[in-house]
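Since we're looking at a predicted model, the values are computed, not measured.
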Amino acid sequence: MSSQCVTAILVVHDGATWLPEVVASIASQTRKADQIVAIDTGSIDSSAKLLKGARIPVATLDREVGFGAAIAHGVAQLPTQIADSEEWIWILHDDCVLHPGALEALLDAIADRPSVVMAGPKLLGWHDRTHLIEQGISIATNGARWTGLEPAEYDQGQHDGVHEVLAVSTAGALIRRDVFEELGGFDQNLELFRDDVDFGWRVRVAGHSVIAVSDAIGYHAQASSNERRSVDVEGALLHRPLLLDRRNAAYVLLANSSAFSLPWLGLQLLSGAILRSIGYLFAKLPGYASDELLAIATLIIHPAELLEARRFRKKHRFISSRVVKTFIPSRTVQLRASLNRTTALLRSKILPDVKSQDSPVISDLTVDEDEDLLTPIAHASWRTIFRRPMIIAAS
């Protein structure tokens, strides 16, 4: 049996708030990574200083460099792969702490599964570490990120085990190096958000497997998607996370789906964006409404980008795209989940807990610059439902 060599690649972007705990978790692994490199994308806080203090080699790139390009740079710096070894890349975020046994659990899970080339941990909340965020991910036909979990689901081990999934988050993902390079790494048109789902989809149609391993655990702050730090990647119009997320969701679906389904899929994405933008306008949030429409417009304006992406994927597709259908939720399941989310949101507004009554009120869609980034956001009281209408639309 070939030996396993693991290289940890840590991507950092203004991560000083979370980085000390992240670095400590890397050092405390029961199975150490064979080497670790950090890629700093132009941090303006003390991130680089923290990394140097921890004696982690750091490569500094421009602030506008996307996540996929940062990983590609890290892989390019590695020595040529040794023929008799099995090399793995362990991808780490600067806002995700890994349990000490995480890497060992991932390696144990892939040891007797030769078809598996990508494995990821169970992700729990950074603040509430009983809050289950992800255990494998997919994408809904409307572009929504799909986890199959209830809103703020409490982790009681109900989803534990090793499960076949479409993809796993890049936070803590273990990927076989040769497959990563063969598939061209993460699509650099997806500077941030949805690159994990896209790569998992491409892995699947190339004939490989992806698993989620619950014995490996990470605690993720989700700083970029929660707007706790700016999105500075090139192409992120006005540095708006919602716009970038919606655009990338549509890109993933249109780049990977079969040609037969494209007309209906395009119509569904456009109509969904229009409906959500109307909802945002009723909620007096014109910025978010424009993001929905601009996300689709940016793809229409640059069709060559999508056509090239489809050609590239066709070259690396060895089995039918239908293989991913098992992991895509049906419309019935999506509708049921949307109703459950709406019910949970209304209940949280009408019957808030005691803590939220005593805590400062902060909007779900904004970040208070003076807020302690290690403190969970509190929500407004039930009266907010009358002052600002809820947006009842599938995200």
Side-chain angles (χ1 to χ4, degrees), residues 91 106 109-110 113-123 132-151 153 158-176 179-180 183 186-187 190 193-214 216 218 220 225 245-246 248-262 264-265 268-269 272 309-310 313-314 316-338 340-341 394-395:
I91 299 175
L106 291 172
I110 64 175
R113 294 177 173 88
S115 66
V116 173
V117 300
M118 185 177 186
K122 171 169 69 175
L123 294 179
L132 187 56
I133 297 177
E134 290 175 0
Q135 193 165 337
I137 51 173
S138 182
I139 188 170
T141 53
N142 66 352
R145 189 176 180 86
W146 184 263
T147 63
L149 303 174
E150 298 294 328
E153 185 167 336
Q158 65 272 35
H159 301 290
D160 280 2
V162 177
H163 303 289
E164 292 272 349
V165 293
L166 175 62
V168 292
S169 169
T170 53
L174 189 67
I175 305 174
R176 213 171 78 195
V179 174
F180 182 83
L183 297 181
F186 297 119
D187 189 333
L190 300 169
F193 307 138
R194 308 308 181 100
D195 47 357
D196 44 14
V197 175
D198 175 74
F199 187 76
W201 192 319
R202 290 190 283 131
V203 165
R204 282 285 175 186
V205 297
H208 306 293
S209 296
V210 182
I211 58 172
V213 183
S214 64
H220 198 194
S225 59
D245 180 71
R246 293 298 192 197
N248 288 359
Y251 178 96
V252 170
L253 286 170
L254 294 172
N256 290 286
S257 298
S258 65
F260 176 78
S261 65
L262 284 181
W264 166 247
L265 185 58
Q268 185 176 359
L269 289 170
R310 290 187 61 81
R313 282 155 178 74
K314 187 176 181 179
H316 296 83
R317 185 184 302 129
F318 300 111
I319 58 178
S320 171
S321 296
R322 294 178 182 176
V323 71
V324 306
K325 190 174 182 180
T326 307
F327 305 102
I328 305 293
S330 67
R331 289 184 177 85
T332 301
V333 172
Q334 292 177 50
L335 179 59
R336 187 184 304 124
S338 181
N340 288 342
R341 285 196 302 270
S395 58

Hey, does the side chain of Asn248 reach the backbone of Phe193 with a donor-acceptor pair shorter than 3.5 angstrom? yes
May I ask you to test the Arg176-Val203 pair for a side-chain heavy-atom distance under 4.5 Å? no
Quick check for you: to the nearest 0.5 Å, what is the distance between Leu269 atom CG and Leu253 atom CG? 5.5 Å
Flag yes if more than 12 heavy atoms outside Phe318 fall under 6.0 Å of its CZ atom; otherwise flag no. yes
What's the shortest heavy-atom distance between Leu265 and Ser257, and which atoms? CD2-OG, 3.4 Å
Quick check against the 3.5 Å criterion: does His163 have a side-chain atom that pairs as donor or acceptor with the backbone of Asp160? yes
Atom of Leu190, atom of Asp198 and distance for their closest heavy-atom approach: CD1-CB, 3.6 Å
Considering non-hydrogen atoms only, spot the tightest contact between Val213 and Ala119 and give its length. CG2-CB, 4.4 Å
Give the intermediate values and the outcome of side chain to side chain contact (heavy atoms under 4.5 Å, CB included) for residues Asp196 and Val168. CA-CA 6 Å; Asp196 44 14; Val168 292; over 6 Å; no
Looking at side-chain heavy atoms only, is the closest gap between Gln268 and Ser261 below 4.5 Å? no
Taking side chain as C-beta onward, heavy atoms only, is Arg313 less than 4.5 Å from Arg310? no
What closest approach, in Å, do Ala212 and Gly136 show between heavy atoms, and which atom pair accounts for it? CB-N, 3.9 Å
Keeping the roles fixed (side chain from Arg194, backbone from Val252), state whether a donor-acceptor pair exists under 3.5 Å. no
Judged by atom type as modelled, is there a donor-acceptor pair below 3.5 Å linking the side chain of Ser138 to the main-chain atoms of Phe327? yes
Closest non-hydrogen contact found for Ala167 with Gly200 is CB-CA, 3.8 Å
From the options Lys122, Gln135, Glu153, select the one residue that forms a side chain to side chain donor-acceptor pair (under 3.5 Å) with His159. Glu153
Would you indicate whether the side-chain heavy atoms of Val179 and Leu183 approach each other to under 4.5 Å? yes
Does Glu164 pair with Arg204 as a salt bridge, N-O distance under 4.0 Å? yes
Value rounded to 0.5 Å, distance of CE in Met118 from CG in Leu166: 9.5 Å
On the 0 to 90° scale, with breaks at 30° and 60°, tag the Phe180-Phe199 ring pair as parallel, tilted or perpendicular. tilted
